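Report on one structure; see the data block that follows.
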Amino acid sequence: MVVLSKGELEQIALPGVQRAAPPLAAVPEVDLSTAATSGRAAAARAVARACEEHGFFKVTGHGVPRPLLARVEAAATAFFALPQREKEKAAAAVAAPGGGPFGYNSKRIGGNGDLGWVEYLLLGVTAAGAAAAPVALPGAPPPSAPAEASPCCFRDLLDEYVAAVRRMTCTVLELMAEGLGLEDRGVFTRLVLDGDSDSMLRVNHYPPKQQQQQGSRLTGFGEHTDPQIISVLRSNATAGLEIELRDGTWVAVPSDTDSFFVNVGDALQVLTNGRFRSVRHRVMVSSARPRVSVIFFGGPPPRERLAPLPGLVDREGGRRRYREFTWREYKTSAYRTKLADNRLGYFETA
Ligand code: GA4
């Protein structure tokens, strides 16, 4: 991982966009509290419809305690307010042995030259919700910072968050299977709960725009689809997320601190033989207020062979849109791509 010094950071030219903000999205909404009662079938249908049409929807009634969400938001804000040196120290400690994408980074996204107006923490998480080694982020916060900005406490808090969000994610994944009419309701959940599940947590901080940038729109995180099965995002009250609709137009997603936003990822598009859509999205920065978002990415184990589910292929007269591949194979190829690339093209059948 490359950790840039402050001077270097300021020299990086970011892709700026002058276009006006797109219209607001009408985001489909699913109330998970109804799924626990008589409304289950309706919730499953609503989830499947949203995944087919947009690959994106909003979840309310999710059961993740509000105080936990508030603590995570406060701790993330405090973490990113630490001196640059402290954040970089934390990066060195969470970086996976032998390198990899994990740790703290600023402006650089992936390893192939993508840049954004963002700094972030990227962590691997095991299915138990605990940290994939090593466990703690070192470095004491300045005396003025809240205790949860201390990297080790922050990591513990994020583990608690992951455990809660993973539970909710599994409910959503079950509803997806039910909405598709699959007999095996656990077909997606099992992959994310597997002890070797390749899941991640990303904490993003989009710094407010400086005065000379007012009026322009900066690319915070460039357009892309997520590789995994499912991504579950929560943000503070600052907007910025935009999604691409089927007709190619972009719409802005109003922020909602009480809800989670769910994205279908590439792996789920493959498993559903293209019926669910891996949604292309991006984050644009046009606000003078910082945006903080936390995203849980639920992925399968590296050894998992992914292919369209036979039941869904049959419904399309036997047409398989993707060849079989392992998650490890997909990841290897994904890490050679640029953010905006179509990573599934390589796995499509003729
Ligand atoms: C997009 C979704 C997740 O944030 C992520 C990203 C990853 C990274 O930041 O290292 C990738 C990107 C994401 C897709 C293609 C590759 C890998 C950067 C990049 C250019 C953590 C992920 O899993 O894929």
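Both ligands and their constituent atoms are indexed starting at 1 by order of listing. Predicted, not measured: the structure shown is a model, and the values here were computed from it.
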Q: Apply the test side chain to side chain contact (heavy atoms under 4.5 Å, CB included) to residues Leu175 and Arg185: give CA-CA distance (whole Å), side-chain angles for both, the deciding distance (0.1 Å), then the verdict.
A: CA-CA 8 Å; Leu175 288 171; Arg185 277 186 185 193; over 6 Å; no
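- Scanning Arg108, His224, Arg202 for the heavy atom closest to atom 1 (C) of ligand 1 points to His224.
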Q. Do Arg320 and Thr349 pass the side-chain hydrogen bond (donor to acceptor under 3.5 Å, both in side chains) test, and can you show the C-alpha distance, the side-chain angles, and the key distance before you say yes or no?
A. CA-CA 7 Å; Arg320 263 171 67 137; Thr349 54; over 6 Å; no
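- Taking the ring centroids of Tyr322 and Phe347, they lie at or beyond the 6.0 Å cut-off.
- Ranking the protein heavy atoms by distance from atom 18 (C) of ligand 1 puts Gly110 CA, 3.6 Å first.
- A heavy-atom separation below 4.0 Å is not found between Asn112 and ligand 1.
- At a heavy-atom distance under 4.0 Å, only side-chain atoms of Leu122, from C-beta outward, approach ligand 1.
- In the displayed structure, Arg336 atom CZ is contacted under 6.0 Å by at most 12 heavy atoms of other residues, nucleotides or ligands.
- Among all non-hydrogen protein atoms, the one lying nearest atom 3 (C) of ligand 1 is Phe297 CZ, 3.5 Å.
- Heavy atoms of Gln228 approach ligand 1 to within less than 4.0 angstrom.
- Protein heavy atom at the shortest distance from atom 12 (C) of ligand 1 is Leu339 CD1, 3.8 Å.
- Environment of CZ in Arg315: crowded, with over 12 heavy atoms of neighbouring residues, nucleotides or ligands closer than 6.0 Å.
- Note: no N/O pair closer than 3.5 Å links Arg343 and ligand 1 by distance alone.
- Residue-level proximity to ligand 1 for Ala334 is carried by the backbone, the only part with a heavy atom below 4.0 angstrom.
- For atom 13 (C) of ligand 1, the closest heavy atom belonging to the protein is Pro227 CD, 4.2 Å.
- Ligand 1 places these atoms under 4.0 Å from at least one heavy atom of Met200: 21 (C).
- By the ring pair (Phe, Tyr, Trp, His ring centres under 6.0 Å) test, Tyr120 pairs with no residue at all, sequence neighbours left out.
- Using a 30° and 60° split on the angle between ring planes, Trp327 and Tyr330 fall in the parallel class, below 30°.
- Scanning the protein for heavy atoms near atom 20 (C) of ligand 1, the closest one is Thr337 O, 3.5 Å.
- Results of the salt bridge (Lys or Arg N to Asp or Glu O under 4.0 Å) test with Glu119 over Arg108, Lys87, Arg291 single out Lys87 as the only residue that passes.
- The nearest heavy-atom contact from the protein to atom 7 (C) of ligand 1 is Tyr335 OH, 3.6 Å.
- Counting protein heavy atoms only, atom 2 (C) of ligand 1 is closest to Asp226 OD1, 3.4 Å.
- Between Ile229 and Leu191, the closest side-chain pair of non-hydrogen atoms falls below 4.5 Å.
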